Amino acid sequence: MIKGKLLKRALRSAASMLTRQGFHVSEERYSAAYLKRYGFEINTFIDIGVYQGSPVFYELFKDKKFILIDPQPDTMEKAAESVKGLDFDYIQSGAGATRDTATLALEGPSSSLMKRRDWKRQAEKTVEIQIAPLDELLANKGYSGPFGLKVDTEGFDLDVLKGAVQTLRETHFVFTEASLRRRFEGGYRFSELVAFMAEQGFEVADVIPHRSHNRLVDVLFVRAGSPALEPNAVPVRTVG
């Protein structure tokens, strides 16, 4: 008990010192512990842009069905540890607004179908991939909603969502990476993403900043009528 009190006092002191230096100390919001407070009830989680996996969501929905979608041929090798023990199907494909063939620049977790403006160099390795709308990829597969959807496609996020209009009707939340700056040539504006999601019946419930820069954020969209939009529905723990 005494050790616990001393630790809390030390944390408050450290937080106060950091605050005076212009920093804010609060809990990590990209975590299963935090996102669990939203109380999402889904049957199937769709992970678009897998790379090495999405452990936060795999932990949060570990007893649900997972659909993993990624065009890179070594996806399952890289994500093997993360998906161990999960009930999942893997679809090797890109996702977009229309069916097409495209060039994927291979840059590990930053692989993209878009030409970058935020790096001085361009990828040395590329591969041709097939793209299809999410609605087509899931058609007649028997997957049951409601769905949760995560999108991490390095600038192609809005295109992915435009190909998922039918799926979004059965989706309770969308967690997507979103560009704030002009990171890609021909990339969407942040306001376009928000407007499109509003047309589909979603509102922004949370914005989680990147730890080391302000070029992008993670955005959590929920249904417009969700109780998660009430003022004090999902508290954030702070130190201080």
Side-chain angles (χ1 to χ4, degrees), residues 29-32 34-71 75-76 79 82-83 85-99 131-154 156-178 193-208 217-229 233-234:
R29 282 185 285 157
Y30 183 44
S31 68
Y34 173 73
L35 293 173
K36 185 177 181 180
R37 290 176 214 151
Y38 279 91
F40 294 124
E41 295 288 342
I42 64 170
N43 287 321
T44 306
F45 183 81
I46 305 167
D47 187 356
I48 301 178
V50 178
Y51 191 58
Q52 293 180 334
S54 304
V56 166
F57 291 105
Y58 300 168
E59 178 183 348
L60 188 59
F61 301 115
K62 57 189 174 183
D63 59 340
K64 305 301 181 182
K65 179 72 176 184
F66 288 85
I67 305 170
L68 311 181
I69 301 174
D70 196 294
T75 293
M76 284 296 90
S82 294
V83 302
L86 299 179
D87 176 14
F88 71 90
D89 291 341
Y90 169 54
I91 301 175
Q92 185 179 338
S93 175
T98 59
R99 183 172 286 277
I131 297 174
L134 179 62
D135 291 338
E136 289 187 18
L137 293 174
L138 303 186
N140 304 315
K141 298 286 180 64
Y143 296 122
S144 60
F147 300 108
L149 174 60
K150 187 221 85 175
V151 181
D152 184 355
T153 53
E154 291 295 311
F156 211 62
D157 323 293
L158 182 55
D159 288 79
V160 170
L161 294 168
K162 286 181 175 179
V165 172
Q166 294 179 28
T167 304
L168 289 173
R169 293 171 186 160
E170 296 184 72
T171 298
H172 277 193
F173 74 90
V174 175
F175 189 92
T176 181
E177 182 181 90
L193 176 67
V194 174
F196 174 80
M197 291 301 289
E199 291 174 0
Q200 312 310 312
F202 289 84
E203 297 294 338
V204 175
D206 222 322
V207 177
I208 301 176
V217 292
D218 288 322
V219 183
L220 176 65
F221 290 94
V222 300
R223 306 299 309 185
S226 171
L229 294 172
V234 184

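These numbers come from a predicted model, not from an experiment.
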Which distance, rounded to the nearest 0.5 Å, do you find between the [atom1] of [X] and the [atom2] of [Y]?
| X | Y | atom1 | atom2 | result |
| --- | --- | --- | --- | --- |
| S144 | E170 | OG | CD | 8.5 Å |
| E136 | T98 | CD | OG1 | 9.0 Å |
| F196 | D159 | CZ | CG | 10.0 Å |

Using ring centroids (six-membered ring only for Trp), state whether [Y] and [X] fall under 6.0 Å.
| X | Y | result |
| --- | --- | --- |
| F173 | Y38 | no |
| F45 | F88 | no |
| F40 | F61 | no |

Please name the pair of heavy atoms, one in [X] and one in [Y], separated by the smallest distance, quoted to 0.1 Å.
| X | Y | answer |
| --- | --- | --- |
| P133 | G163 | CB-O, 3.4 Å |
| V50 | A79 | CG1-CB, 4.0 Å |
| R223 | L229 | O-CD1, 3.8 Å |
| A97 | K162 | CB-CB, 4.0 Å |

Donor-acceptor contact below 3.5 Å, side chain [X] vs main chain [Y]:
| X | Y | result |
| --- | --- | --- |
| Y34 | Y30 | no |
| H172 | V222 | no |
| D157 | D152 | no |
| S93 | I131 | no |
| N43 | G145 | yes |
| T44 | F147 | no |
| R29 | D206 | no |
| S226 | A228 | yes |

Residue pair T153, E177: steps toward the side chain to side chain contact (heavy atoms under 4.5 Å, CB included) verdict: CA-CA 8 Å; T153 53; E177 182 181 90; over 6 Å; no
Side chain to side chain, [X] and [Y], heavy atoms closer than 4.5 Å:
| X | Y | result |
| --- | --- | --- |
| Y58 | L86 | yes |
| V160 | L134 | no |
| F221 | L149 | no |
| V204 | L220 | no |
| L60 | V56 | no |
| T167 | I46 | yes |
| Y143 | D89 | yes |
| T75 | L68 | no |

I'd like to know whether CD of E59 has more than 12 heavy-atom contacts from other residues, nucleotides or ligands below 6.0 angstrom. no
For D63, does the CG atom have more than 12 heavy-atom neighbours from other residues, nucleotides or ligands under 6.0 Å away? yes
Side chain to side chain donor-acceptor pair (under 3.5 Å) assessment of Y90 paired with D70: CA-CA 8 Å; Y90 169 54; D70 196 294; 5.2 Å; no
Under the side chain to side chain donor-acceptor pair (under 3.5 Å) test, which residues partner Q166, sequence neighbours left out? none
What's the verdict on side chain to side chain contact (heavy atoms under 4.5 Å, CB included) for D135 and R169, showing C-alpha distance, side-chain angles and the deciding distance? CA-CA 11 Å; D135 291 338; R169 293 171 186 160; over 6 Å; no
With K150 as partner, the option from D47, D218, T176 fulfilling side chain to side chain donor-acceptor pair (under 3.5 Å) is D47
Should the pair K64-D87 be classified as a salt bridge under the 4.0 Å nitrogen-to-oxygen rule? no
